[in-house]
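Here the structure comes first, spelled out in structure tokens, and everything after it is commentary.
Lettering of chains follows the sequences in order, A, B, ..., and the numbering in each one begins at 1.
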2 protein chains.
Amino acid sequence: MEIENVISFKEAKACPIQFVLAVNDTLNVISGKWKLPIIGSLLFEKRRFTDIQRTISKITPRMLSKELKDLEMNGMVKRTVYDTTPITVEYELTESGKLLSDVLDKMLEWGMQHREATIGKN
Amino acid sequence: MEIENVISFKEAKACPIQFVLAVNDTLNVISGKWKLPIIGSLLFEKRRFTDIQRTISKITPRMLSKELKDLEMNGMVKRTVYDTTPITVEYELTESGKLLSDVLDKMLEWGMQHREATIGKN
DNA sequence: TATATCGATATACTTTAGTATACTAGCAAT
DNA sequence: ATTGCTAGTATACTAAAGTATATCGATATA
């Protein structure tokens, strides 16, 4: 990689465009109907495919498979295959994936204060 | 309102379903192609419709109008009409909207650490 | 009279996201 | 031989999100 495209937190905060781009990176990782339920399901323990499917009752295997692939590609989830019979596949959050809980906590906090602040004002 | 559906931060953190639902509230407010650019454009100053449109060069008036309505309905943005000629309409973030910057900062921080942690690992 | 500005809206379209339903391979137990 | 388990895939569809392009009404200016 020739070009130095790493920018600092300060720089990103100061430049609206860089700011939006960098925040978007995070947003893209967690956007979509099933990403949060899946991440939530893996936050405290590793799980197997069918296991996740059971915790998220309405997801189809097609979507679960697709979303897990997305998360894996984005470095959020690690996939491990065990050569048992029948085969078992374990999914777990990466270190970076676990760190996302800091972001989710902030989102939870804001979401709840926002609900408070907005009650009855519609 | 008869039913007491207000839950505490602690309760929400402890219950995966409540957690996902509450975080989703926040996510829904900022999801979509143009929400972040618009919020970014309003973070430091009030702006008029055409003004926002100029700062986000590729947005169509249809999308800008729709997204601003969404943001207004969600209590993120306040819209003020001035009876000048031609008419002027000013958009600004609400208090709650400004507080969202705490969340965005965390997202920025995580996004940048995640990029560091993931470099070359694909 | 024609043209421009502001803050949009109308109609028709394409693209992306998500759903429904059925199916696969490999092996074990009944 | 049939059934069930695992972790998915295949095909066809509907719904939601976003784009393109033209137009509006009220007023001001050239």
Measure from [atom1] on [X] to [atom2] on [N] and round the result to the nearest Å.
X: Asp51(B); N: dT5(C); atom1: CG; atom2: P; result: 15 Å
X: Arg47(A); N: dA7(D); atom1: CZ; atom2: P; result: 13 Å
X: Leu64(B); N: dA17(D); atom1: CG; atom2: P; result: 18 Å
X: Ile38(B); N: dA17(D); atom1: CD1; atom2: P; result: 15 Å
X: Met63(B); N: dT21(D); atom1: CE; atom2: C1'; result: 15 Å
X: Gln53(A); N: dG8(D); atom1: CD; atom2: P; result: 11 Å
X: Lys69(A); N: dA7(D); atom1: NZ; atom2: P; result: 15 Å
X: Leu68(A); N: dT6(D); atom1: CG; atom2: C1'; result: 15 Å

### Task
Would you mind telling me which residue lines up with the more 5' stretch of DNA chain C, Pro61(A) or Ile87(A), judged by nearest nucleotide?
Pro61(A)
side-chain N/O [X] vs [N] OP1/OP2, d < 4.0 Å:
X: Arg79(A); N: dG8(D); result: yes
X: Thr50(A); N: dA7(D); result: yes
X: Ser65(A); N: dT9(D); result: yes
X: Thr85(B); N: dA28(D); result: yes
X: Tyr91(B); N: dC6(C); result: no

For [X], report the nucleic acid contact type (base, sugar-phosphate, nothing); a contact means any heavy atom under 4.0 Å.
X: Lys58(B); result: nothing
X: Arg62(A); result: base
X: Thr84(A); result: nothing
X: Tyr82(A); result: nothing

### Task
Please determine, for the side chain of Val89(A), which listed nucleotide (dG7(C), dG8(D), dG18(C)) has the closest atom?
dG8(D)
### Query
Closest to the Lys33(A) side chain: dT21(D), dG7(C), dT19(C)?
dT19(C)
### Task
Let me know, please, whether Pro86(A) or Ile59(B) comes out on the 5' side of the other along DNA chain D by nearest nucleotide.
Pro86(A)
### Query
Going by atom types alone, do Gln53(B) and Thr50(B) pair a side-chain donor with an acceptor below 3.5 Å?
no
#### Entry: Within one Ile-Leu-Val-Met-Phe-Trp-Tyr cluster: Leu64(B) and Ile17(A), side-chain cutoff 4.5 Å
no
### Task
Could you check Arg47(A) against Glu45(A) for salt bridge (charged side-chain N to carboxylate O under 4.0 Å, His left out), going step by step and ending with a plain yes or no?
CA-CA 6 Å; Arg47(A) 285 185 199 272; Glu45(A) 42 189 333; 3.0 Å; yes
### Query
Under 4.0 Å between a Lys/Arg side-chain N and an Asp/Glu carboxylate O for Asp51(A) and Lys46(A)?
no
### Query
What are the two closest heavy atoms between Ile39(A) and Met76(A), and how far apart are they?
CD1-CE, 3.9 Å
### Task
Measure across Lys35(A) and Ile30(A) and return the closest heavy-atom pair with its distance rounded to 0.1 Å.
CB-O, 3.6 Å
